[in-house]
Protein chains: 2
Amino acid sequence: MQCYRAVMADRPYHHGNLRAALLAEAERTLREDGIDRLSLRDLARQAGVSHAAPRRHFPDRQALLDALAAAGFLRLSDELRAAIEDAGDDYEAQLRAAATTYIRFATRNAALLELMFAAKRGEQSAALQDAFGRLYAAVDGMVRRAQQAGKLQRGDPDRLRLLLFATMQGIAALVTSGAVGSGQVDGLIADAVTLFTKSSG
Amino acid sequence: MQCYRAVMADRPYHHGNLRAALLAEAERTLREDGIDRLSLRDLARQAGVSHAAPRRHFPDRQALLDALAAAGFLRLSDELRAAIEDAGDDYEAQLRAAATTYIRFATRNAALLELMFAAKRGEQSAALQDAFGRLYAAVDGMVRRAQQAGKLQRGDPDRLRLLLFATMQGIAALVTSGAVGSGQVDGLIADAVTLFTKSSG
DNA sequence: ACCTGAACACCGTTCAAGT
DNA sequence: ACCTGAACACCGTTCAAGT
């Protein structure tokens, strides 16, 4: 009778990793139902825990959203690093791989990406800023190497990196908002790469 | 006694333009407090009307958000057209003016722009799609003229227009999310214009 | 340390009923 | 046509209390 809440438990709820379970469930809900249907009480219910229990791990709803966003930044930056590494030594191939990975992440995690780039109403947590920094660093490293090799368009290097970042994010926004069909994505990426790489000739 | 709800009424509530009053108040709330604090009940309260009254004009909360987004698209496209017209005959100046206007709109209406480009969960209303079309047409016209005059980079014209749109939206996203400081905006726009215009020489 | 249970002040949405 | 008032099923957040 006191084991009621362990009905569907092979997962070790109630001891240890409630925080991780909440985050995992939250990400699933975010992907499948959208941010509007994401409620702390529902997450607690699905974790078999009282509605006040999440408060130990996330002081309020925004804290959970911030944690989701931070995890998103880390995962996207890891995927970008891997894609760039797999692309070999050709800078244009690296650029194309990075852009493709970024847009694919955007289409598969539309609500999460939106959350990651939500207008910050107040100050963002340090963890969230760090996570964004990881993403920026992933893009930055690639672009910096390409610039040093003289493969990119001229212009202020820092701004050019930001601009490339902005272009990827912009394409992602158009795709997830439905303004651009998935069939146009590859062409858009190709044009963007052409635009940024030095067409020396 | 039956005039209770007209306490602060010089506005003609309760007769005629509740819809417009709700939209105006909603946009103010969106700008000042963010989308999370935007509630139909609160809007009704501020309009001096029962909480069920808005239902006549907006079937649900999403309908009101869609109407806000549509109005945003129309206003932004109007501002873009005006800025382009004021910029004269030089295509690069037009491009710079359009980008500046777009980013300024983004910084002043961050929450609204986010709403405008929110990932569509289902189908979007026809009115919303039309409004987006107006925005796209505003950008499109300018770019098309520049392309015909041979002032832009080569590449598939349709995709180049989308790419330019994406770049503006991407810069806007980085600015409103706080990833790019307002001091870097002008430089970013300048670099973007340089990138897109044909540096023939 | 981590969680419960009740309570408070809100929501969106629905629906019969009023004018 | 447009609006009211009560009702329903939810929220997030707080807090004393339990183990």
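Throughout, protein chains are lettered first and strands after them, A, B, ... in sequence-line order, and every chain is numbered starting at 1. This structure is a prediction, so every number in the text was calculated from the model and none was measured.
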Q. Can you check whether B/Arg108's main-chain N or O pairs, donor with acceptor, with B/Arg31's side chain at less than 3.5 Å?
A. yes
(Q) Protein within reach of the bases, or only the backbone? For nucleotides 8-19 of chain D, mark each nucleotide 5' to 3' as B, S or -, using heavy atoms under 4.0 Å. (A) ---SBBBB----
Q: Sequence neighbours left out, what pairs pass ring-ring contact (aromatic ring centres under 6.0 Å, His included) with at least one residue falling in residues 31-54 of chain A?
A: none
**Q.** With sequence neighbours excluded, residues passing ring-ring contact (aromatic ring centres under 6.0 Å, His included) with B/Phe165
**A.** B/Phe132, B/Tyr136
**Q.** Set of residues satisfying side-chain contact (heavy atoms from CB on, under 4.5 Å) with respect to A/Ser177, sequence neighbours excluded
**A.** A/Ala179, B/Phe117
Q: Return the set of residues passing side-chain contact (heavy atoms from CB on, under 4.5 Å) with B/Arg28 (not counting sequence neighbours), or none when no residue passes.
A: B/Glu25, B/Glu32, B/Gln46
**Q.** Nearest heavy atoms of A/Leu160 and B/Asp191, plus distance in Å
**A.** N-OD2, 4.0 Å
Q. Would a 4.5 Å heavy-atom cut-off, applied to side chains only, mark B/Gln147 and B/Arg161 as touching?
A. yes
Q: Starting at the 5' end of DNA chain D, write a dot or bracket for each base, bracketing those in Watson-Crick or G-U wobble pairs whose two distances are under 3.5 Å and using | for partners on another strand.
A: ||.|||||...|||||.||
